[in-house]
Each structure stands twice: as structure tokens, then as C-alpha cells.
Amino acid sequence: MKDFKLPTGKYMAIVLIGLILVAIYAAIRLMQVDIPEEPKKVSVVVENSGSDRWNSYFMGIEQAALDRDVEVSTVMTTYFSDEATRDLMVTSEYLGGANAVITKKEPDAGLTAEMLSKELFNEYGGVMTDRSVALFSGSKYDTFTNEVASLLGDYIKNAGGEILWQQNAPCNVSRLLKKSKRTDIIVALDDECLYQAAAYLNSKKSDRRRLIGIGCSPDCVYYLDRGIIDAMLVPDDFTLGYESLLTAVEEGDMESIRPQMKMIHPSEVYEKENEKLLFP
Amino acid sequence: MTIAVSFSLVASISMILLGTILYRQLSQQEAINTTEREEQFLDQTRRSLEDYLHNMRRTSDALYFIGIKNKDMTVDDISDEMNLLYESDRDNLVSIALYSADGELIGASPTATKKVSADVRTQDWFIDASKSIENLHFSIPHVQDLFDEAIGQYHWVISVSRRVEINRAGYPQQGVLLVDMNFDAISQLLNKANADSMTGYIYLCDEKGDIIYHPRQKLLNAGLLEEDSVNMASRSDGSYTDSFGGEERISIVKTISYTGWKLISVIPMSSFRISLDKMQYLVVLMLSLAIIGVILVNQLVTARITRPIVKLEDAVRDMESGNLYPVIRQEGPREVAHLAHTLSRSVITIRQLMDDLVAEQEEKRKSELDALQSQINPHFLYNALDSVVWLIEGERYQDAVYTVKELANLMRVSISHGRTVIPVADEIRHAQSYMNIQNIRYRNTFDVEFDIDEEIKNACTVKLIVQPLLENAIYYGVNGMEEDAEIRIHGYKKDGDVYIDVSDNGIGMPKEQVEVLLDPDRSAEYRKAHESSGMRHGNGVGLINVDMRIRLLFGLKYGLIIESEPDEGTTMSIHIPFIEYTDDIEQRLKKR
């Protein structure tokens, strides 16, 4: 303590220079006008984008866009005529200034086929002998539904059943059901086909064939509620849409997203958790 | 400078502390103000919600007390009342329905077909109403499952149900009255509240913590978000600061009448920090500028105060380096000027004391010199007069006259007009007179030879320094020798100095005696130790006197040098500087 000497001279000069720099920095920051960052632009390219089946999906995307201040635009589409059309749209969006383009991440085809087959087999005690199935899959270029159709066909065949006929969307479902060979079960892997099949069965009060499928649109929910659709595999599209946009904005790996699905029966429509999924 | 730094440090630390406290106070005040604003805003929202719920209650009451209670359901129709009430508030209502205790639909508005699959008895609102009479029950939002709706139509509703008494032909029966509120109305009301809220968000939950409304409801439904609703539902009205999901936040809780629902406003703490962002920079800027100002002012003020102190310090340093005439400025503040004045006076006093001391020392030295010189006179005079006495007694009158003349010569030189410093020639003349007297006394028992170089004869010397050496050579050298006793005085110049050697061929001295001869203490000890040996030893006073006188006048470099060998003889050399004798030099040397 005796030898303690306060810093003087040049140290005082250093302190003064430091303080002047701090004051200049604070003054600059004080005068700065916060210019909001331009929001990122994200485009969404999904097949048949006008369909009600995307309601939850777009809600999820919009919620994420709101949370992350992202500008979202949806490309108006119908059924893709081929894969190249979709790819062209994606490229076009990037060229148009989009920071990211979202295409729907499909669920695991194997798991989907397994869930559908279980639902089918439960009714018949796991034995499908002499049971015939009419199958509506997505568009010709919808890899996911075509893969599910293929796997499901294998499950049915292995259980002794048969897919009597199969049709890709889009198609005239009611005409096909009317004119094609009658099957015991109708499986629709496309929301639009499921709705049309349900509408057809609803119009034919006597035709109480078993109808199951993948769907989520209000129309399908309506027929599920009324028992026309016997079981519906409902994707959690809100979560999928939300996570898709977050991943796209954060430039994360889309493959890390795991879309979830739930099989819902008519009696379960008004269960608390199902209400949130079915009536967004 | 140290004072300036100390002042600046103390001032800066104080200002930083003050700034920090101020900033914290501002932050807290901001939090308090925001909380108060949000509480007022939440109160308004609560009142709006209560108004809305009160309307629903009034609808239910009106239908029950005016319609149902006064009707006989077997004959009367309550459709008109139901339709009237429904139409009066159709924006907020989805439907009104009356059920019997077994779930049969008695009436409904708007008119609708009962859904075949719907069994109201299993629905929560029906069960709750059946449990407790007269109470109104508010459900959490759910999708209405009562009527056949058009495709794609469904309604999120909050069911207000109550158990009612139905009159069927005079027989009271139990029933349940249901008013389904449009959840969108509540949702819109709270959406607007959330849009108007500047800092946080508002949500609504029931008394168990089940969410009724939340601005991010879908994220909660999807499990992508969590809310602290169960904890908040257990709290009474007030504001709480706690942490949820790693975020600190203030929650304001208000209970909604009729329902027990909790309206909760959540304000994340981070929102205060954002709003105080600019304030932070303002505080930092002001603090920085204030500290810079304090440092500069301190430098100026302390420079004014410390400049005289620094000058005073310089003067003290000057004194420390030997300067007794430092420049001491008596300026600056009163205390410093007083200090400088005191120091100045001290310097003058020290200088005076030192001058006095030097004068005193000089006086003392002169006194010593005079004392030493005066020690010789009686010593020699006695011997000389003794010689004259025994010459007269021996009738050797010529020799007596000669001796007296020589004594007169000797005394003349001794007196030398009171001078201490005389030319070597005078000193040698004095020595010759002395030896002439001694020769008479000792009857020419020894030969004396003077060999003095001419060049040194005018050099300065201390008066009467050769004589004691001659005396010593006689008494302790040649005295008692039978024959060939010889004393030789040789004066010469060597290496610029003057040497006067007095040599005898007497008995000489041992080395140890020579070593102590000029040291008064050791010399005395030596004599005491060798008293019994029978050897002759002088007290050494004469030689010591000579040595000291030379040193006193010419400095420690000079003095007496003694060389002796037992049975060989002794040589005593006077070593003095060569200084040409003039009256001026004599005076200057005398003053030293």
C-alpha cells in the first residue's frame, strides 16, 4: 500500500480517449434510426393449392411467418402434370426473389401404409380373404401416395385381400365408383378423392361400403362426423406448416421435419385433442 | 497529478454509481408505469368481457324466467321467445336450446335439426348443468355438436348451461337450458385487446388453467408453445414477477365475474429493455461527457493548487542536492504560501546555523593551534634558560652571551609578529638557533648539519615544527652516545611538495613504537606497557603536536613521517605543500 501510486499522465490520456470513444459510440447509437430489416420472402409450392385441405398447413405457415416476420406467398397451382412442372415453379420462385421455397414434406410412406392397413385389418380380424379394395391415390406424379398405394397393396395382398382397381387423381370418383366393379372397401389417399367418395356414398344411402383414407379438409371432416368416412388419417398440417417455414427461414434441414398423422374415427371427432386437429 | 487522478476517480465512480442507480430507478419506474398502464388496460378488457358474459347471462335469465317458467311445455311453444332473444344478439350467439333431463330437444333457435349422432347427455355442459341447480356453467371453447349443419360448417362455442325447471301440464320436470356463445366474439374482443397492447399479450383461462383464449392458441394446441396458465389460474388478482420458459416476465391476473375465469396479461421483461435501449445510450453519453468534464476541470483546479506545491518540492530537492540558496516562491493558496514561507525561513536559519558552525569550528581550530604552539614555549624556554644558568655558573660568559643571543633569535622567530605561518628560511634559522643553544648545553657532544635547498627557503611552513623534532633527536636519539653522534637536517623539494628530514644516528626505535608514536592513545598505552624496560620514551606530545598542526593548516594529506630502525637511527620527515610565501598567502593560510 505504501508503494501504491495512482496511474497518471499517459494513463489519464488513455482513459480520456476511451471515454471520448464511448461518448462518440453512444451518440451515434442515439442518433441512429432503427431501419427495420426487410422481411425474408418465402414461397410455398404445393399441389392444388386452392384446396381446403391446406387450411391447417397454411395456418401453420402464416403463424410462423408472423412470429418470424416473414413475407409468404403461395403459388396458385392445380394438380401437377409432371414433376418438372413443380421443379420449374420452384426455380421460378427463386428467380423471382424468394429467399426460400417450401414444398410440402410428406409423411413416412411406410408408416402411413402400415397405419392404413391396420385400420383395414381391424375390421376383419386381420384377415382380408376375398375382400376387394378400390384405391384412389394422388396424382400420377405424387411420389408419396403412389408409394403408400404400393405398400398398402402389398399389405392387402399378404392378408389375402385384393386391390381390384386403382386410380390416380384427379379423376371422376363418383363415375368410377358407379361404373367400376364394386369393392368391399374404398381407400382414398387423396383428400379430394376421399371427399368425392364420401359424397358419393352419402348420396347412395343404401351403399354402406367401408371408406377410409387420408384427409383433413372440412368437407372430409363433415363426412367423418357423419360416419360416412369410417376412419380418416389426419395429418398434423399446422405443425408441419409451422416447422417447414421455420426450417426454411433458418436454412435448416427439411429432412429433419417429421410430419405426424393421427387416425380418427367418427366417434372421436369431438374429443378435445381431435377437435383442435379437425376444426382449426 | 496524483490529486487530479484521485479527484477524477472519486468523481467518476460517484457519477457511475449515480448513473447506474438512476438507470435502475428509471427501469423500475418504467416497469411500474407499464404494469400500471397494462393493469388499467386489462381492467377495461375485463369489463368488456364481463359485459359480454353478462349479456349471455341475461339472455339465459330472460329465457328462463320470462319464457320457460311461465310456459306449459305440453301446450305452449317457446320458439318465439327463443327466436326473439337469438335475433336480438345473433352476432354473439350461435344457438339457444332447451333440453329435457333425458336429452330430448324441446326447442331451439335458430331452428335446426338435431344431429342423430349427438347425445347431449354425454356432453360436458349438460353434465355440469345437471349436477348443480340454478348455477350458470360456462364451458371452455369446444366445437358445437348438436345440429345437422351444412357441409363445412362448424362452430367453436362457449356453452352457458343451467339446470331449469320445465312445466309439463302442471308437473315440474328438470331440463337444461343451453346458450351457445360464439367463441369468435370473445376471440375478436381479445384479439383487439392484444393488438392494442403495446408491451405484452393477454390470454384467458378457466379456473383450472385450461386455455380459453390465447393469441397463439394454435401453437399451444400443436404443442409448439407452453403457457403458465395452470400456475396463474391458482393466483389471486394482482401482478407477479416470475420466470417461465427461461424468460422473466410480469403477469397481471384479473378474475372475470360469473365464471371464475382468469384474464392474464403477460409482459416480458425484455420489452422494457428494448424500450429503454435509447435511454441506455443517453445515460452512457451523458455519463461519459460528465466524467470527461470532471477530469478536465479536476486537472485545471488541481494544477492551480499543486503548481506551488510542485515548485516547493523542487526547492526541497535543490536543498537535498546541497544548494543552500534554493529559489522558494511564496505563492498559491494560503496554506501552501505559509508552507513556502516557513521553508524559506528554515533555509535561512539553517544557513545561519551552518555559518555559525563553520566560524565556531574555525575559532576552535585556531584556538587549538594556538594552544599547541603555546605548549612549546615553556618547555623549551626552561631548557634554554637552564643552559644559560649553568654557562654563567661555569663562568663561560661568552658562551652565555652567545646562548642568550641565540635565544633572542629563537624567540624572535617564535614570536614572528604573531604569525603562525612563516617562510621555511625563518623556521630553519629558528632551528639553527635552537641547535646552537642545545650544542652549548650538550657541550658539542653531537654534530649538526643543515642542508636546506634554496628553492624551499621561501616556502610557507607552520611555525616551530622543526624544533620539536630536533629536541626529540637529541633527547631520545643521540643523547648519551659516546661519540659520532650526528643530527642532520635536510630540506628539499620532491614531487612538488616540501620535505624537511631530521635524521639522527641514535638508538632508534622498534617498529611497533614507530607505529604508535603519532597516535595519542596507543602511544600512551605503549609507554605504559614498556615503562619497566628502562628504555627512554618521550610522552610524544611534541611530535603529535607537530603532526596535528601541519594537518590542521595544510590538510590531512600532510604531516609527519617517522622511520626508525633500532641501533640505526631515526628519520622524521616534515611533509608540507610547496606554497610560495607572501603576506597575502600567510593571511589566507592563517584564516583556514
Side-chain angles (χ1 to χ4, degrees), chain A residues 5-9 11-12 15-16 18-32 34 52 56 59-60 62-64 66-67 195 199 202 217-223 225-227 236-243 246 260 266-267 269-270 272-280, chain B residues 1-9 12 115-119 122-124 140-146 148-156 210-211 215-225 274 277-296 298-299:
Chain A
K5 280 186 176 177
L6 283 167
T8 54
Y11 298 105
M12 187 65 92
V15 169
L16 273 173
L19 281 168
I20 290 166
L21 290 176
V22 168
I24 291 169
Y25 173 75
I28 290 169
R29 291 301 302 257
L30 204 58
M31 288 186 291
Q32 259 178 356
D34 293 334
D52 285 348
S56 285
M59 275 182 189
E62 280 161 17
Q63 181 66 58
L66 196 69
D67 289 353
Y195 157 64
N202 190 46
S217 65
D219 296 342
C220 288
V221 172
Y222 175 82
Y223 286 117
D225 184 24
R226 269 144 192 80
D236 182 4
D237 276 352
F238 179 86
T239 305
L240 179 62
Y242 189 84
E243 288 183 341
L246 288 192
Q260 301 297 312
S267 61
V269 167
Y270 292 98
K272 201 173 171 184
E273 290 307 310
N274 294 340
E275 273 186 350
K276 292 170 184 172
L277 199 61
L278 295 170
F279 308 102
Chain B
M1 183 57 97
T2 309
I3 295 171
V5 172
S6 306
F7 282 172
S8 302
L9 264 178
S12 302
K115 200 163 141 186
V116 179
S117 61
D119 182 1
T122 62
Q123 296 188 16
D124 289 343
I140 59 169
H142 63 101
V143 179
Q144 191 185 58
D145 180 26
L146 300 174
D148 263 334
E149 297 284 357
I151 193 164
Q153 290 289 309
Y154 61 92
H155 303 282
W156 279 93
D210 288 330
I211 297 283
R216 306 177 84 195
Q217 180 94 43
K218 290 188 171 53
L219 288 177
L220 288 170
N221 291 347
L224 295 168
L225 186 74
I274 292 163
D277 195 34
K278 292 278 177 193
M279 181 68 80
Q280 277 179 10
Y281 290 118
L282 185 66
V283 168
V284 168
L285 177 66
M286 287 175 70
L287 263 180
S288 307
L289 292 177
I291 293 170
I292 290 168
V294 162
I295 289 173
L296 293 177
N298 275 343
Q299 291 279 335

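Throughout, a chain's letter reflects where its sequence line sits, starting with A, and its residues are numbered from 1.
Most heavy-atom pairs under 4.5 Å with chain B: of the set Leu277(A), Leu16(A), Asp236(A), Ile24(A), this distinction falls to Leu16(A). Taking Asn221(B), Asp145(B), Ile140(B) one by one and counting their heavy-atom pairs under 4.5 Å with chain A, the maximum is reached by Asp145(B). Note: Ala23(A) leads Ser56(A), Ala23(A), Pro218(A), Gly18(A) in heavy-atom pairs under 4.5 Å with chain B. With chain A as the partner, the residue from Leu289(B), Val283(B), Leu296(B), Asp148(B) showing the most heavy-atom pairs under 4.5 Å is Asp148(B).
Here the side chains of Leu19(A) and Ile295(B) are in contact, with some heavy-atom distance below 4.5 Å.
Looking at Leu287(B), neither its backbone nor its side chain comes within 4.5 Å of chain A, counting heavy atoms on both sides. Of the atoms belonging to Asp119(B), not a single heavy atom falls under 4.5 Å from chain A. Heavy-atom distances place no part of Ile28(A) under 4.5 Å from chain B, backbone and side chain included. With a 4.5 angstrom heavy-atom cutoff, Leu224(B) touches chain A only via side-chain atoms. If you measure heavy-atom distances from Glu275(A) to chain B, the contacts under 4.5 Å come from both the backbone and the side chain. Residue Pro280(A) touches chain B through both its backbone and its side chain, counting heavy-atom pairs closer than 4.5 Å. For a residue to count as touching a neighbouring chain, one of its non-hydrogen atoms must lie under 4.5 Å from one of that chain's; by this rule Phe238(A) touches chain B with the side chain only. At a 4.5 Å heavy-atom cutoff, Gln260(A) makes no contact with chain B through either its backbone or its side chain. Within the 4.5 angstrom heavy-atom criterion, no atom of Val269(A) approaches chain B.
In terms of heavy atoms, Glu149(B) sits closest to Tyr222(A) at O-CE1, 3.2 Å. Nearest approach of Thr239(A) to Ala222(B), heavy atoms of both residues: OG1-CB, 3.2 Å. Residues Ala26(A) and Val284(B) come closest through the heavy atom pair CB-CG1, 3.9 Å.
Around atom CE of Met286(B), no more than 12 heavy atoms belonging to other residues, nucleotides or ligands sit under 6.0 Å away.
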Given the rule in the side-chain contact (heavy atoms from CB on, under 4.5 Å) test, do Lys272(A) and Asp210(B) qualify, once you have shown the distances and angles that lead to the verdict? CA-CA 11 Å; Lys272(A) 201 173 171 184; Asp210(B) 288 330; 3.9 Å; yes
Determine, stepwise, if the pair Val143(B) / Leu278(A) fulfils side-chain contact (heavy atoms from CB on, under 4.5 Å). CA-CA 10 Å; Val143(B) 179; Leu278(A) 295 170; over 6 Å; no
Show your reasoning for whether side-chain contact (heavy atoms from CB on, under 4.5 Å) applies to Arg226(A) and Val116(B). CA-CA 9 Å; Arg226(A) 269 144 192 80; Val116(B) 179; over 6 Å; no
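Using cut-offs of 30° and 60° on the angle between ring planes, the pair Tyr154(B) and Phe279(A) is tilted.
When the options Val22(A), Val15(A), Ile20(A) are evaluated for a side-chain contact (heavy atoms from CB on, under 4.5 Å) with Ile292(B), the one that passes is Ile20(A).
Atoms OH and CE, from Tyr281(B) and Met31(A) in turn, are 13.0 Å apart once rounded to the nearest 0.5 Å. We find the NZ-OH distance between Lys218(B) and Tyr242(A) to be 13.5 Å, quoted to the nearest 0.5 Å.
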